[in-house]
Structures are given as structure tokens and as C-alpha cells.
Peer 1: 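Take this structure first; my questions come after.
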Amino acid sequence: MRIERARGTRDFLPAEMRKRRIMEERMRDIAEKWGYEEIRTPTFERSELFTLKSGEGILKEMYEFEDKGGRHLALRPELTAPVIRMYVNELKMAPKPTKVYYFDNCFRYEEPQRARYREFWHFGAEIIGSNRPEAQAEIIALTFHILSSLGIKAEAELHVGHVGLIREVLRAANVGEDEINKVMRLIDKGEREEVVEFMREMGAKEELTDDLIYLIDLKGKEALKEVRDRKIIASDSDALKELEMLLEILDYYDVVYTLNLGIARGLDYYTGMVFEIYEVGGKLGAQNQICGGGSYRLAALFGGDDTPSTGFAFGFDRLAEIFTPETKELRRSEVVVVPIKEKNADQDVIKEAIKIASKLREFFTTHIDVMSRSLSAQLSYANSIHASFAVFVGKNEMKEGKVTLRNLDTGEQEKMGVDECVERVKACFEDE
RNA sequence: GCCGGGGUGUGGUAGAGGCAUCCCUUGGGACUGUGGAUCCCAAGACCUGGGUUCGAAUCCCAGCCCCGGCCCCA
């Protein structure tokens, strides 16, 4: 019986895996250079961890189950909550800011489609313990540098917003928190008419609705000045001051952004700055968001002190669909050791070949025949895996204490000692 | 959860009621110390289950899976 993969999951073949490792290494490298340290949380958690903070949306999509002890568990649908849970449980006393990053798989029961899977990978980071725009700017700048390390900066568009502004406007007009959350969700969906409709139902003044719509539609650098000029927001507004400072610091980082106050990010726990990054080259179809993040307060929800944090998560698989490594990085430099057995297959040749292969493996990826193939079949194999060199080990070579090194690209070959062989191959691989 | 379009060896395909085609791939051989050519041999497929029919890869129904879209998200 043939067993198929579970729906929405993928097998990663060697070539794909190689590409993903290259990406992963680059992303890690940047995060480490910025002083973030890697952490890992469990693949599954108690269900409450996720149900506590997220709305019905996430709930429907969760892989939830009961273990043999009757505990309610869930495969993690995202990583922010587990990371903050870990912080509250284990890292509360760590120096602030606490800076961590992660690269792990997440699970959501959704209909698979382009760039959307049921098992997918998030690469993300959190800076915990600072409510300053400096910390927010750092997080955004970090995503920007990660993108540029992958060479996909040009195809990405960064939108920065702030949920505080809109919340302040509504609060100032005495709109209740529940209603505010509802409005935020409508805004996030981009349902302009429904926002207007909902405001009318609430009995909001037309003026307020106009201001709100005006805010949502603001884009570009001059927007904040207009907000001040039109006195939509109190001039001593904390959110406004914070956002202005954030944008200024982003300029210091040379980060290119679009101000977009229409970003609301459905989840209620975002408290301030929010941002999203989209792929604009059209490679991702309908799922063009590659990164999301913002400032939030979750620690208190999990029993810790109220702690401001800012973080982001990249959709790694979506990045992988955009990312193209240089062909040079994908090429493997390999050597095949070819024992040449005489008719009566004496083991000395094999023994010597294994020794030589071991020596070569100190430096290169080296293969040796394990199928007892003929000489020509071994060479044929070397060719089909695109090896660069073959090293022949036979009676004649053994007599002289040498090997025959054959360059498989040029066909040139020469007898030489093992040490010289190593040097030759090394020199050749270094050129690449 | 909803809506389209699809499923033939590893991959790519032809076949539109009766012998399943070709290419690539993989293993072996011709070739016993020099690869990519050629030739030969071998392996390997009609998504699953029902129905119609003398007979189904082909027609019908359901399911599963894949591709894309809606919703939501990364």
C-alpha cells in the first residue's frame, strides 16, 4: 500500500533543502550579528496558550488533540505566543532588552494553495522589554537587512502603521473597547464601506467617521504632518509622537518604507507599531505577504508582568519561492574514488581506496563505490552526479604509491602522490 | 468552509469504449584499466471505490490528492 503525504505538507528534496539551508544560514547570520540569540520552543503546547489571545480565526485552524492523559494540546499555529510564554516561564530575569530569534515549523489547518501550506516555517525575532521606538525601529531594520541578505529587497515593499493612532481617535470619541476591536478588524480586512456602516450603526458623528477614513487612507511621508495640521489627533498624542520618532530612526537606518495607517493586523493584542512586508514581483499570487510584525503586550496574559515587546515573523516558505541562490552556491564540489579491481578482485585495492577516500574526506565531499561496479559504470556514476574529479586506485598506482587524478571536466589525468592530489583538488575548488 | 481546473511509470507525454505510445529515469550487459555515444535486456503507470457496459484509462457518481481563487493569514 502506497502512503501519500498528508495534505498540505511537503517533502523537501536535496536540491530544495540545500537552497533552504543557504537562506537559513544567511538569515541566522544577520540575526546573530544584531545580537539576537536562538531559542526553540516545543512543537505542541497546551491549547489555552493559543486560544487565550487569538480570536476564533486561529481556533478553527488549529491542529488540536487530546493526549493519553487527557490534556488539551495543539500544534503551534505561530510562535509569538510560545516565545512569550517561555519568556514568562524562564527568562523574566534576563537582562533587558531580551533579544531572541527562532526558525521553526508551524501548523494550520487551512486549504492549501499557492504559498500556503498546512505545515510551514516561520523565521522570526522578538525584542522583549522595551517600549521605545528605538526597539521598534531595530526590529524593522532587522527584517530589512535579512531581506537584503537574501537579495530580495527590491521585490519587497514595507508598510508601517500604528494601531495606536486609530484607537486614540476612537477612544477620544468615547467608543468602547469592544467596538474599537471590531472596527480594527474591519479596517484590516480593507472593508471601507463596512467601517462606515458600522460607525453609523454605533451612532458615531459623521465627522468622526470622516477623520477615521482619512486616517486609514493616509500613505507616504507627508501624512503625519497632515494629521497634525488637520488636528485629527491631539498634538500631545503619545502614539503620534512615538510613530514620528520611529519613522525618523528608520531614516537613520536607511530603511525604505511606506506609511500605511490602514494596517490594523486583526489580532487584538497589537498595541502600537505594526508592519507588513509584501512581495510585489507577482511571484506569490494571492499570498503576497512575506512578513508581519509589530509591538504587543502578551506577557501579562500568560501570568507575567506587563512587558512591552516588538517582533516579526517571516513566512520562510514564501521567501523560498522568491529566493534564487547563485548557481555557484548550489554547485557541489565532489570527488569520486574509483577502485580498479582486477579479475580476481583482490581486496588490497579496496582497502587502499578506502584509506584514500578517508584522507580526501578531511577536505572534500568524497564518494566511493558501494555497488561493486565496473570501472566504466563507476565513471558513469561520477558523471551523472556531476562530480569534478575521479581518483583512480588500481594495481599500477599502488605499485608506485600514487593515485591517478582525473579532471572530469577536461578529461585530463595524471599520476601523483595522495598529498599532491589533495593540493591539486583544493586549488581547483578554491578558484570557484 | 466555499468556488473553478486537473490526476496515465521518477518526471514529461500519446491514447476519447476493446491491443497503453514515446522520451527521460533507474538497474544490468555488450566493454575483464578510462565516463556522457550506440545497441541489447530488465524495472516501472491509467488516484481510490462504486455504477453503466459483453468490455472502462476513456462515460456517470462519490471520495482522495494536486494546481489556482475566495475567506483568513506568513
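Letters A, B, ... are given to chains in the order of the sequence lines, protein chains preceding strands, and every chain is numbered from 1.
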Peer 1: How is A/R10 classified with respect to the nucleic acid when contacts are heavy atoms under 4.0 Å: base, sugar-phosphate, or nothing?
Peer 2: nothing
Peer 1: Hey, would you say the A/F429 and A/F364 ring centroids sit under 6.0 Å apart?
Peer 2: yes
Peer 1: Ignoring hydrogens and angles, state whether a donor on the side chain of A/E126 or A/S309 is under 3.5 Å from an acceptor on the partner side chain.
Peer 2: no
Peer 1: Can you tell me, in whole Å, how much space there is between the C1' of B/rC23 and that of B/rG18?
Peer 2: 27 Å
Peer 1: P atom, B/rC66 versus B/rG28: distance in rounded Å?
Peer 2: 34 Å
Peer 1: Report which part of the nucleic acid A/Y109 touches: base, sugar-phosphate, or nothing (heavy-atom distance under 4.0 Å, all strands).
Peer 2: nothing
Peer 1: With a 3.5 Å cut-off and just heavy-atom distances, do the side chain of A/E397 and the base of B/rG33 make a donor-acceptor pair?
Peer 2: yes
Peer 1: Select one nucleotide: of B/rG35, B/rG27, B/rU34, the one nearest the side-chain heavy atoms of A/S380.
Peer 2: B/rG35
Peer 1: Could you tell me whether A/R20 and A/D317 make a salt bridge, using a distance below 4.0 angstrom between a side-chain N and a carboxylate O?
Peer 2: yes
Peer 1: Looking only at side-chain atoms of A/E61, point me to the closest of B/rC72, B/rG33, B/rA74.
Peer 2: B/rC72
Peer 1: Where the side chain of A/R116 is concerned, which of B/rA74, B/rG35, B/rC65 is the nearest nucleotide?
Peer 2: B/rA74
Peer 1: For A/M371 and for A/D409, find the nucleotide of RNA chain B with the closest heavy atom, then tell me which residue's nucleotide is more 5'.
Peer 2: A/M371
Peer 1: B/rU48 pairs with which nucleotide, Watson-Crick or G-U wobble, both distances below 3.5 Å?
Peer 2: B/rA62
Peer 1: Could you check which nucleotide pairs with B/rC19 in any of the strands shown, counting Watson-Crick or G-U wobble with both distances under 3.5 Å?
Peer 2: none
Peer 1: Salt bridge check: are A/K99 and A/E138 linked by an N-O gap of less than 4.0 Å?
Peer 2: yes
Peer 1: For A/E279, is there an ion pair with A/R318 - N to carboxylate O distance below 4.0 angstrom?
Peer 2: no
Peer 1: Closest to the A/R114 side chain: B/rU34, B/rG33, B/rG69?
Peer 2: B/rG69
Peer 1: Using the C1' atoms only, state how far B/rC73 lies from B/rA16, rounded to an integer number of Å.
Peer 2: 42 Å
Peer 1: Select from A/R5 and A/N288 the residue whose nearest nucleotide in RNA chain B is closer to the 5' end of that strand.
Peer 2: A/R5
Peer 1: Roughly how many Å apart are B/rG6 and B/rA74, using the P atom of each and rounding to a whole number?
Peer 2: 33 Å
Peer 1: So that I can tick it off, tell me whether A/R28 and A/E25 are bridged by a salt bridge, with the cut-off set at under 4.0 angstrom between side-chain N and carboxylate O.
Peer 2: no
Peer 1: In whole Å, measure the gap between the C1' atoms of B/rC24 and B/rU10 for me.
Peer 2: 9 Å
Peer 1: Taking only the side-chain heavy atoms of A/R7 (C-beta and beyond), determine which of B/rC70, B/rC65, B/rC73 contains the nearest atom.
Peer 2: B/rC65
Peer 1: Which part of the nucleic acid, if any, lies within reach of A/F392 when heavy atoms closer than 4.0 Å are counted: base, sugar-phosphate only, or nothing?
Peer 2: base
Peer 1: Side chain of A/R318, heavy atoms from C-beta onward: which of B/rG27, B/rA74, B/rG69 has the nearest atom to it?
Peer 2: B/rA74
Peer 1: Between B/rG35, B/rG27, B/rC2, which nucleotide has the shortest distance from any of its atoms to the side chain of A/L408?
Peer 2: B/rG35
Peer 1: So what does A/L319 touch, heavy atoms closer than 4.0 Å: a base, only the sugar-phosphate, or nothing?
Peer 2: nothing
Peer 1: Do the side chain of A/E110 and the base of B/rA74 come within less than 3.5 angstrom through a donor-acceptor pair of N or O atoms?
Peer 2: yes
Peer 1: Specify the glycosidic conformation (syn or anti) of B/rA14, with syn defined as within 90° of 0.
Peer 2: anti
Peer 1: Using the P atom in both, what is the distance from B/rU21 to B/rA45, to the nearest Å?
Peer 2: 13 Å
Peer 1: Would you classify A/I290 as touching base, sugar-phosphate or nothing, given that sugar-phosphate means primed atoms plus P, OP1 and OP2, and contacts are heavy atoms under 4.0 Å?
Peer 2: sugar-phosphate
Peer 1: Under 4.0 Å, heavy atoms only, any strand: does A/E111 hit a base, just the sugar-phosphate, or nothing?
Peer 2: base
Peer 1: So is the aromatic ring of A/F314 stacked onto the base of B/rA74, judging by whether the centres are under 5.5 Å apart and the planes are under 30° apart?
Peer 2: no
Peer 1: Give none if B/rC70 has no partner; otherwise give the nucleotide forming a Watson-Crick or G-U wobble pair with it, both distances under 3.5 Å.
Peer 2: B/rG1
Peer 1: What's the gap between B/rC47 and B/rC31 when it is taken at their P atoms, as a whole Å value?
Peer 2: 42 Å
Peer 1: Who is the Watson-Crick or G-U wobble partner of B/rA56, with both distances under 3.5 Å?
Peer 2: none
Peer 1: Testing the basics here: between A/E45 and A/P82, what is the closest heavy-atom pair and its distance to 0.1 Å?
Peer 2: OE2-CB, 3.5 Å
Peer 1: Just call it for A/D317: base, sugar-phosphate, or nothing, with non-hydrogen atoms closer than 4.0 Å on any strand.
Peer 2: nothing
Peer 1: Answer with base, sugar-phosphate or nothing: what part of the nucleic acid does A/A377 contact at a heavy-atom distance below 4.0 Å?
Peer 2: nothing
Peer 1: What is the pairing partner of B/rC39, taking Watson-Crick or G-U wobble pairs with both distances under 3.5 Å in any strand?
Peer 2: B/rG29
Peer 1: Please classify the nucleic acid contact of A/G124 as base, sugar-phosphate, or nothing, using heavy-atom distances under 4.0 Å.
Peer 2: nothing
Peer 1: For a quick check of understanding: with a heavy-atom distance under 4.0 Å over all strands, which category does A/E279 fall into, base, sugar-phosphate or nothing?
Peer 2: nothing
Peer 1: I want to check a possible cation-pi pair here: A/R118 against A/Y109, using under 6.0 Å from ring centre and within 45° of the ring axis as the test.
Peer 2: yes
Peer 1: Provide the distance between the two P atoms, one in B/rG49 and one in B/rC65, to the nearest whole Å.
Peer 2: 16 Å
